[in-house]
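Here's the structure we're looking at; comments come further down.
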Amino acid sequence: MAFATINGITVHHELLGDADARNLIVFSNSLGTDFRIWLPVFDELGEDVSVLLYDSRGHGLSGGADSDFGMDTLVDDLEALVDHLEIKKATFCGLSVGGIVVQGLWKKRPDLFRRMALCDTAPKIGTPEIWNARIDAIKAGGLSSISDNVMERWFTPDFHEQRAEELGGYRLMMERQSAEGYIRTCEAIRDTDFTAILPTVTVPTLVVGGDQDGSTPPELVRAAAGMIPGARFELIEGCGHIPCVEQPEELASLLQSFLKKA
């Protein structure tokens, strides 16, 4: 495990490979998870691919849950971590809120990008009413009070039926996050609309959705891809909101092909 003080908080991260590698992917995780969700994908990538994993603010073993923050702070954290590790260019891949963070980083630091990969995300996710209702539920009953609903959105019925042990583990991952960090990340998503950013993207971009995603439906993700000049859109069948867990081989194959073609 590696830790760094970034923007006044402890950030848990791991660099697997060379920071100067041409095929370096920086992964940004989704709401209610930590960087371990990307490990099944890393296991399927070629030996020529390096990765940087990190726990976003208020999640996993990173700090900052007890202080106010918004999307700008999450973007600043990623920028500062990349600079701390002296990464000059990379492919940035974000899932859900991680994808929003990657969009924000593009706006601030396009010089860091070789390519962009956006998974199950959009420039604006949900409505204030949806996010406020979720926040109120967590304040009243904790993260466990919403976990059944979240698991339905994260994973397909087949995953629930056939991979019950894994489902239980990812439920625990979600429930053991900091409630304060989760709530503040919900607020950051609620208050963000990066629709104007996507048409400015000039690097090769891959956009991936799950055909049974209950959090960012395929039509939302496809519409996001349509805003990016020349973006490639791929839909993974038999997949919910977390393709790196449910279909890691397929996601790794798409990323590997993207790295070769871009």
Between I138 and I146, does the side-chain contact (heavy atoms from CB on, under 4.5 Å) criterion hold? Intermediate values first, please. CA-CA 7 Å; I138 297 167; I146 67 166; 3.8 Å; yes
Start with the C-alpha gap between T73 and N7, add the side-chain angles, then the distance that decides, and say whether side-chain contact (heavy atoms from CB on, under 4.5 Å) holds. CA-CA 9 Å; T73 309; N7 293 334; 5.7 Å; no
Do F69 and D77 pass the side-chain contact (heavy atoms from CB on, under 4.5 Å) test, and can you show the C-alpha distance, the side-chain angles, and the key distance before you say yes or no? CA-CA 11 Å; F69 63 85; D77 288 344; over 6 Å; no
Test side-chain contact (heavy atoms from CB on, under 4.5 Å) applied to R171 and D148, step by step: CA-CA 8 Å; R171 182 192 302 273; D148 284 346; 2.5 Å; yes
What donor-acceptor contacts under 3.5 angstrom involve side-chain atoms of residues 81-91, with partners at least two apart or in another chain?
| from | atom 1 | to | atom 2 | distance (Å) |
| --- | --- | --- | --- | --- |
| D83 | OD2 | R109 | NH1 | 3.2 |
| K89 | NZ | D111 | O | 2.7 |
| T91 | OG1 | R115 | NH1 | 3.1 |

Check residues 203-218 and write down every donor-acceptor pair under 3.5 Å in which the side-chain atom is one partner and the other belongs to a residue at least two apart or another chain.
| from | atom 1 | to | atom 2 | distance (Å) |
| --- | --- | --- | --- | --- |
| T205 | OG1 | V203 | O | 2.9 |
| D211 | OD1 | G238 | N | 2.9 |
| D211 | OD1 | C239 | N | 3.0 |
| D211 | OD2 | G238 | N | 3.2 |
| D213 | OD1 | S215 | N | 2.7 |
| D213 | OD1 | T216 | N | 3.0 |
| D213 | OD1 | H241 | ND1 | 3.0 |
| D213 | OD2 | T216 | OG1 | 2.6 |
| D213 | OD2 | H241 | ND1 | 2.9 |
| T216 | OG1 | D120 | O | 3.1 |
| T216 | OG1 | H241 | ND1 | 3.4 |

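Applying the ring pair (Phe, Tyr, Trp, His ring centres under 6.0 Å) rule to F92 yields the partners F113; only residues at least two apart in sequence or on another chain are considered. In terms of the ring pair (Phe, Tyr, Trp, His ring centres under 6.0 Å) criterion, residue partners of H12 (sequence neighbours excluded) are, by chain and number, F3, F35. With sequence neighbours left out, the side chain to side chain donor-acceptor pair (under 3.5 Å) criterion links R163 to E166. Every residue meeting the side chain to side chain contact (heavy atoms under 4.5 Å, CB included) condition with K139, not counting sequence neighbours, appears here in chain and number order: I135, I183. Every residue two or more places apart in sequence or in another chain that forms a side chain to side chain contact (heavy atoms under 4.5 Å, CB included) with F42 is listed here: L16, V51. In terms of the side chain to side chain donor-acceptor pair (under 3.5 Å) criterion, residue partners of E180 (sequence neighbours excluded) are, by chain and number, S178. With sequence neighbours excluded, the residues forming a side chain to side chain contact (heavy atoms under 4.5 Å, CB included) with T200 are W106, I197, listed by chain and number. With sequence neighbours left out, the ring pair (Phe, Tyr, Trp, His ring centres under 6.0 Å) criterion links F27 to W38. Applying the side chain to side chain donor-acceptor pair (under 3.5 Å) test to S56 and every residue at least two apart in sequence or in another chain returns nothing. Residues that satisfy the side chain to side chain donor-acceptor pair (under 3.5 Å) test with N132, not counting sequence neighbours, are R190.
To the nearest 0.5 Å, atom CG of residue L143 and atom CG of residue L172 are 12.0 Å apart. Taken from CD in E79 to CG in L105, the straight-line distance is 6.5 Å, to the nearest 0.5 Å. L235 CG to E219 CD: the interatomic distance, rounded to the nearest 0.5 Å, is 10.0 Å. The CD atom of E14 sits 6.5 Å away from atom CG of L53, with the distance rounded to the nearest 0.5 Å. The CD atom of E234 lies 5.0 Å from the CG atom of L254; values are rounded to the nearest 0.5 Å. Atom CG in L24 sits 11.5 Å away from atom CG in D48 (nearest 0.5 Å).
Contact detail for I25 and C93: the closest heavy-atom pair is CG2-CB, 3.8 Å. Considering all non-hydrogen atoms of both residues, I37 and L95 come closest at CD1-CD2, 3.8 Å. Shortest non-hydrogen contact noted between S28 and Y54 is OG-OH, 2.9 Å. Shown here for T121 and S96, the closest heavy-atom pair between the two residues is OG1-O, 2.7 Å. Counting all heavy atoms, side chain and backbone alike, G99 lies closest to L118 at O-CD2, 3.7 Å. Nearest approach of M151 to Y170, heavy atoms of both residues: CE-O, 4.1 Å.
Side chain to side chain, T195 and D193 meet the donor-acceptor criterion of an N or O pair below 3.5 Å.
Counting only heavy atoms from C-beta outward, the side chains of T185 and R57 never approach each other to under 4.5 Å. Under the 4.5 Å side-chain criterion, counting only non-hydrogen atoms from C-beta, L74 is not in contact with L78. Contact annotation: the side chain of T33 approaches that of M173 to within less than 4.5 Å [non-hydrogen atoms, C-beta and beyond].
With hydrogens and angles disregarded, no donor-acceptor distance shorter than 3.5 Å links the side chain of S253 to the backbone of E250. Listed for the E246 side chain is no donor-acceptor partner under 3.5 Å among the backbone atoms of F155.
Comment: K108 does not engage D72 in a salt bridge, judged by the lack of any side-chain N to carboxylate O separation of less than 4.0 angstrom.
The 12-atom threshold is not exceeded at CD of E237, counting heavy atoms of other residues, nucleotides or ligands nearer than 6.0 Å.
Neither F194 nor L220 shares a network with the other; the hydrophobic side chains, linked directly or stepwise wherever heavy atoms of I, L, V, M, F, W or Y lie under 4.5 Å apart, form separate groups for each.
For the side chain to side chain donor-acceptor pair (under 3.5 Å) test with Y182, the passing option among E175, R134, Q177, H59 is R134; the others fail.
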